[in-house]
Amino acid sequence: MILALLLAAAPMGGALAFQDTGGLDRAVAAFTSRPIGAEGGARTAIDSRLRLALCPTVALAWRTEAHDAVVVSCSGPDWRIFVPVIRPAGPAAAPATARAPVAAKAEPVIRRGDPVVIEAGSSGFSISREGIAMGDAPPGGRFLVKVDDAKAPVQAIALEGGRATLPGWGE
């Protein structure tokens, strides 16, 4: 379900205009039918330090069927944010589908400081990079890898000791 709201904010005094986060908070509250901090509503207000480009029409949708977050997005200029929602506690919060029991925490196969080879590819195409793990990760767990010439660390998924893949390539 997508709800489009018009959130117009006029620039003040010729200064660069940014999206009004208070208006986005009100839109999320209207979308969830719950105020900020209430069960079913946004956990907290959207950070007022965000400098999102002004958007004439904002779209709101649930992130998943579990209604765990609201996706607030703009298609021109392109941006989107995720607003976490407070889920009800207790048996009423359990989804209708049965879930497998939670297994004990798996032992990490990659530890902070380990050298890691990140691999990604498909038939006829593959790439790999070497880096250093910035945290521990069990098989299938996400962690950050510092690659020498990259400004920011790269997110990877642990496969086995010393090997990882990029999200979306080995899942």
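In this text the structure is predicted, and so the values were computed from the model without any measurement.
- Grouping Ile, Leu, Val, Met, Phe, Trp and Tyr residues whose side-chain heavy atoms lie under 4.5 Å apart, directly or via other members, places M134 in a hydrophobic cluster with L144.
- Residue V28 comes nearest to A42 through the heavy atom pair CG1-CB, 4.2 Å, listed as atom of the first residue, atom of the second, then distance.
- To the nearest 0.5 Å, atom CG of residue D20 and atom OG of residue S48 are 10.0 Å apart.
- Taking all atoms of both residues into account, the shortest heavy-atom contact from T165 to A120 is OG1-CA, 4.2 Å.
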Tell me, with the steps shown, if R111 and D136 meet salt bridge (Lys or Arg N to Asp or Glu O under 4.0 Å).
CA-CA 4 Å; R111 298 207 178 266; D136 297 348; 3.6 Å; yes

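- Considering CZ of R63 and CZ of R80, their distance stands at 10.5 Å, rounded to 0.5 Å.
- A single hydrophobic cluster is not seen to contain both I36 and L50; linkage of ILVMFWY side chains at heavy-atom distances under 4.5 Å, directly or through other members, places them apart.
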Please assess H67 against R87 for the test side-chain contact (heavy atoms from CB on, under 4.5 Å), listing each intermediate value before the final yes or no.
CA-CA 8 Å; H67 293 194; R87 299 299 305 146; 3.8 Å; yes

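- If you chain together hydrophobic residues whose side chains sit under 4.5 Å apart, V71 and L52 never meet in one group.
- With a 4.5 Å cut-off on side-chain heavy atoms, P167 and Q155 count as touching.
- Judged as a side chain to side chain contact (heavy atoms under 4.5 Å, CB included), and not counting sequence neighbours, the contacts of A158 are V109, I110, A137, F143.
- Minimum interatomic distance between K151 and K146 (heavy atoms only, all atoms of both residues): O-NZ, 4.0 Å.
- Relative ring orientation between F31 and W62 is described as tilted, the plane-to-plane angle lying within the 30° to 60° band.
- The shortest non-hydrogen separation linking D25 to A45 is OD2-CB, 3.5 Å.
- To the nearest 0.5 Å, atom CD1 of residue I127 and atom CD1 of residue I118 are 9.0 Å apart.
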Under the side-chain contact (heavy atoms from CB on, under 4.5 Å) criterion, do V83 and I46 qualify, and how do the steps go?
CA-CA 7 Å; V83 180; I46 296 170; 4.0 Å; yes

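- Side-chain contact, T64 with D68: a donor N or O sits under 3.5 Å from an acceptor N or O.
- Atom CG of D47 is surrounded by more than 12 heavy atoms from other residues, nucleotides or ligands within 6.0 Å.
- The CZ atom of R34 sits 11.5 Å away from atom CD1 of I86, with the distance rounded to the nearest 0.5 Å.
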Checking salt bridge (Lys or Arg N to Asp or Glu O under 4.0 Å) for the pair R43/E39: CA distance, chi angles, key distance, verdict?
CA-CA 8 Å; R43 286 186 189 168; E39 188 175 289; over 6 Å; no

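- With contacts defined as side-chain heavy-atom distances shorter than 4.5 Å, the pair S73/W79 does not qualify.
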Step-by-step side-chain contact (heavy atoms from CB on, under 4.5 Å) determination, T21 to Q19:
CA-CA 6 Å; T21 57; Q19 189 67 41; 6.0 Å; no

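- Under the 4.5 Å side-chain criterion, counting only non-hydrogen atoms from C-beta, V58 is in contact with L24.
- Nearest heavy atoms, P77 versus C55: CD-CA, 4.5 Å.
- Under a 4.5 Å side-chain heavy-atom criterion applied to ILVMFWY residues, the cluster that includes I132 comprises that residue alone.
- Taking a 6.0 Å sphere around CD of E160, one finds it holds more than 12 heavy atoms contributed by other residues, nucleotides or ligands.
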Starting from the C-alpha separation in whole Å, work towards a yes-or-no answer on side-chain contact (heavy atoms from CB on, under 4.5 Å) for V70 and T32.
CA-CA 8 Å; V70 176; T32 62; 3.8 Å; yes

